Amino acid sequence: MNALSSGACLQNPSESKGPRCLRRRDEVLERAPFITVVVATHDRPESARACLDALTSMVYPGFEIVVVDNDPSDERTARMVMSYQDARVRYLREDQRGLASAHNCGLAAARGPIVAFVDDDVVVDAHWLTAIAEAFTSTDGVGCVTGLILPAQLETPAQLLLEQHGGFDKGFEMRCFDDDRMRPADRLFPFTAGQFGSGANMAFDTAILRALGGFDPAIGAGTFARGGDDLASFFRVVTAGHRLVYQPAAVVWHRHHRDMSALCNQAYGYGVGLGAFVASSVARNPRTILTLLRRLPRGLGYALRSSSTRNRDRYTDLPAEIATLERRGLLFGPIAYLVSRWRTRHFSSLQSYGPGGTP
C-alpha cells in the first residue's frame, strides 16, 4: 500500500481500530460521491491504455471514465477504448484541437458532482479518487482539488533535469488557498497560480466549473498558446470566492520527456502558457486588469530575474538555453493568446451553462 495514498501515518498500538488515516479513508468511502474522470488524448493509444489500466483498477465505489479523443488522425484510440468492454468507460470525440476543448467536451458529458482530469501520460494511485473525495470534505467551499505528481521514470538526463529544476510536485503537505483568510503571503497571489498544482492531476466541483464557463479553448496544449488552461481555471476558482485544496495523498506518476529537445520545447511551451494564462484571465475578467497593472513591475521581476524568489537556484546547472527559452515564451505568451483566441473565435467547444450547472 502506498503510504502517501493512505494519508502517510504511523499506527499507534493503542489504536485498536487501526490507524487514524485508514479510519478516515473508510469514512470517506462510506459516503463517497460519484466522480467523473476525464482523460483527454491525441494519437497516443498506448499511453492512454496504460492510463486506463490504472484508472479501471482504482479502489473506489462509484466512478466513470470519459476518454475524449481530441482531433484524432485515425481510429486507433477509439478501438482501444472500445476493447475494454467496461460500462464505466465511455468514448467521446472532440474535433476542435486543443486540450481545453477536449476538457470542455468531457465536462459537458460529466455525470458526477465532481469531475477529475488526468493527462494520458500519467498512472494514478489506486486510492487517487479517495484522496480527492477526502480533500473536497476537508473544509468548506472547496471548488478545486489538485494532487501530487511524481516522476514515473528518472532514467535520462532530460528527466533528471526536469525533476531537479521544478518538476510537477508541490510538496507533501496538504494546503488550502482562497482569496481571503487562507491567502498566502505572496504579493502576486493569485496570479502565481503555478503553486496550486498542475492540469495533469486536478478535480473540480462540476457545478462550479460549469458556472465559471469551463476552460478557455484559446489556451492549452494543442493551441497556438500551448498551455495555461489549468492555471486559468485555478485562478478563476479562487477569484470567484471558492477554495482550492492541494492534496498530496492524491498521487499520480507522470512520464517525463526523455530527450533534451523535448525538454527545451516543454520549457518554451511552459513560458508561453504562463503568459497566455495571464492574458486569458484578464480577458475573461476585465476587473482584474487594475490589480494586474499594479503588480506588473514586481511580477515581471519575479518571473524574469534570476535572483527572484521564484528563480533563485532554479536555473543552477541548467543549460542556459532552457532558461532563455522559458523567458522568451513568457514574453510571447500574451501575443500567442490573442492569435489563438482569433483562431478559435468561430469554432469553440466551450459550453454555456444555465443555473445549477445544467447544459
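If you're wondering where the values come from, they're calculated on a predicted model, not measured in any experiment.
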Polar side-chain atom of [X] near backbone of [Y] as donor-acceptor pair, under 3.5 Å:
{"X": "Gln247", "Y": "Ala131", "answer": "yes"}
{"X": "Arg236", "Y": "Gly214", "answer": "yes"}
{"X": "Lys170", "Y": "Arg175", "answer": "no"}
{"X": "Thr223", "Y": "Gly98", "answer": "no"}
{"X": "Thr36", "Y": "Gly112", "answer": "yes"}
{"X": "Glu64", "Y": "Val89", "answer": "no"}
{"X": "Ser280", "Y": "Ala276", "answer": "no"}

Can you find a heavy atom in the side chain of [X] that is under 4.5 Å from one in the side chain of [Y]?
{"X": "Leu92", "Y": "Val66", "value": "yes"}
{"X": "Leu148", "Y": "Val252", "value": "no"}
{"X": "His256", "Y": "Leu160", "value": "no"}
{"X": "Leu150", "Y": "Val251", "value": "yes"}
{"X": "Val39", "Y": "Val68", "value": "no"}
{"X": "His127", "Y": "Met58", "value": "no"}
{"X": "Gln159", "Y": "Pro151", "value": "no"}
{"X": "Arg284", "Y": "Leu212", "value": "no"}

Inset, instruction - Not counting sequence neighbours, which residues clear side-chain hydrogen bond (donor to acceptor under 3.5 Å, both in side chains) with Thr146? List them please. - result: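 Not a single residue meets the side-chain hydrogen bond (donor to acceptor under 3.5 Å, both in side chains) criterion with Thr146.
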Legend entry - For Asp179, all residues meeting side-chain hydrogen bond (donor to acceptor under 3.5 Å, both in side chains), sequence neighbours excluded: Arg183
Legend entry - Trace of the salt bridge (Lys or Arg N to Asp or Glu O under 4.0 Å) decision for Glu134 with Arg25: CA-CA 8 Å; Glu134 179 183 358; Arg25 176 190 291 175; over 6 Å; no
Inset, instruction - For salt bridge (Lys or Arg N to Asp or Glu O under 4.0 Å), just list the numbers for Arg93 and Asp95, CA-CA rounded to whole Å, side-chain angles, deciding distance to a tenth of an Å, and then say yes or no. - result: CA-CA 6 Å; Arg93 174 172 174 145; Asp95 289 327; 2.7 Å; yes
Less than 3.5 Å apart, any donor N or O on the side chain of [X] or [Y] sitting next to an acceptor on the other?
{"X": "Ser47", "Y": "Asp121", "value": "no"}
{"X": "Gln195", "Y": "Thr192", "value": "yes"}
{"X": "Thr77", "Y": "Arg49", "value": "no"}
{"X": "Asn265", "Y": "Arg226", "value": "yes"}
{"X": "Asp125", "Y": "Trp253", "value": "no"}

Quick one: do [X] and [Y] end up in the same hydrophobic cluster if we chain Ile, Leu, Val, Met, Phe, Trp and Tyr together by side-chain heavy atoms under 4.5 Å apart?
{"X": "Leu22", "Y": "Val28", "answer": "no"}
{"X": "Met82", "Y": "Leu52", "answer": "yes"}
{"X": "Leu129", "Y": "Val123", "answer": "no"}

Inset, instruction - Test ring pair (Phe, Tyr, Trp, His ring centres under 6.0 Å) on Phe215 and Phe117 and set out the steps. - result: CA-CA 12 Å; Phe215 299 89; Phe117 300 87; 5.3 Å; yes
Legend entry - Residue list, ring-ring contact (aromatic ring centres under 6.0 Å, His included) with Phe277, at least two apart or on another chain: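 Phe277: ring-ring contact (aromatic ring centres under 6.0 Å, His included) contacts with Phe235.
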Legend entry - For Phe177, ring-ring contact (aromatic ring centres under 6.0 Å, His included) partners two or more places apart: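 ring-ring contact (aromatic ring centres under 6.0 Å, His included) list for Phe177, sorted by chain: Phe196.
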Inset, instruction - Would you sort out whether Ile35 and Val115 count as a side-chain contact (heavy atoms from CB on, under 4.5 Å), showing the intermediate values? - result: CA-CA 6 Å; Ile35 298 179; Val115 56; over 6 Å; no
Could you pull out all residues at least two apart from [X] that satisfy side chain to side chain contact (heavy atoms under 4.5 Å, CB included)?
{"X": "Arg181", "answer": "Arg243"}
{"X": "Arg97", "answer": "His42, Asn70, Asp71"}
{"X": "Pro113", "answer": "Pro33, Phe34"}
{"X": "Asp229", "answer": "Leu99, Ala100, His103, Ile219"}

Legend entry - Reported CZ-to-CG distance for the pair Arg341 and Asp216, which is rounded to 0.5 angstrom: 7.0 Å
Minimum heavy-atom distance between [X] and [Y], given as atom pair plus value:
{"X": "Val122", "Y": "Asp119", "answer": "CG2-O, 3.2 Å"}
{"X": "Ala135", "Y": "Val142", "answer": "O-CG2, 4.0 Å"}
{"X": "Ala218", "Y": "Tyr337", "answer": "CB-CE1, 3.7 Å"}
{"X": "Met80", "Y": "Ala48", "answer": "CE-CB, 3.7 Å"}
{"X": "Ala200", "Y": "Ile149", "answer": "CB-CD1, 3.8 Å"}
{"X": "Arg90", "Y": "Ala109", "answer": "NH2-O, 2.8 Å"}

Legend entry - Selection residues 250-260 - residue pairs positive for salt bridge (Lys or Arg N to Asp or Glu O under 4.0 Å), sequence neighbours left out: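 Qualifying pairs: Glu155-Arg258.
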Inset, instruction - Show your working on side chain to side chain donor-acceptor pair (under 3.5 Å) between Ser101 and Glu94 and close with a plain yes or no. - result: CA-CA 7 Å; Ser101 294; Glu94 171 56 61; 5.4 Å; no
Inset, instruction - Among Ile, Leu, Val, Met, Phe, Trp and Tyr joined by side-chain contacts under 4.5 Å, find the other residues sharing a cluster with Phe224 and list them by chain and number. - result: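 Its cluster partners, ordered by chain and number, are Tyr268, Val272, Leu325, Phe332, Ile335, Val339.
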Inset, instruction - Could you walk me through whether Glu326 and Leu274 pass side-chain contact (heavy atoms from CB on, under 4.5 Å), step by step? - result: CA-CA 9 Å; Glu326 184 180 309; Leu274 185 58; 5.9 Å; no
Legend entry - Within 6.0 Å of CG in Asp140, more than 12 heavy atoms from elsewhere: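 No, because the 6.0 Å sphere around CG of Asp140 holds 12 heavy atoms or fewer from other groups.
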Inset, instruction - Decide side-chain contact (heavy atoms from CB on, under 4.5 Å) for Ser198 and Asp230; before the verdict, give the C-alpha distance in whole Å, the side-chain angles of both, and the deciding distance to 0.1 Å. - result: CA-CA 7 Å; Ser198 172; Asp230 51 350; 4.0 Å; yes
Inset, instruction - Tell me, please, which residues at least two apart from Asp205 pass salt bridge (charged side-chain N to carboxylate O under 4.0 Å, His left out). - result: none
Legend entry - Pairs where residues 51-60 contributes a residue and the test side-chain hydrogen bond (donor to acceptor under 3.5 Å, both in side chains) is met, not counting sequence neighbours: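 Found Asp53-Tyr84.
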Inset, instruction - Report the C-alpha distance between Val145 and Leu244 in whole Å, list the side-chain angles of each, state the deciding distance to 0.1 Å, and finish with yes or no for side-chain contact (heavy atoms from CB on, under 4.5 Å). - result: CA-CA 6 Å; Val145 170; Leu244 184 150; over 6 Å; no
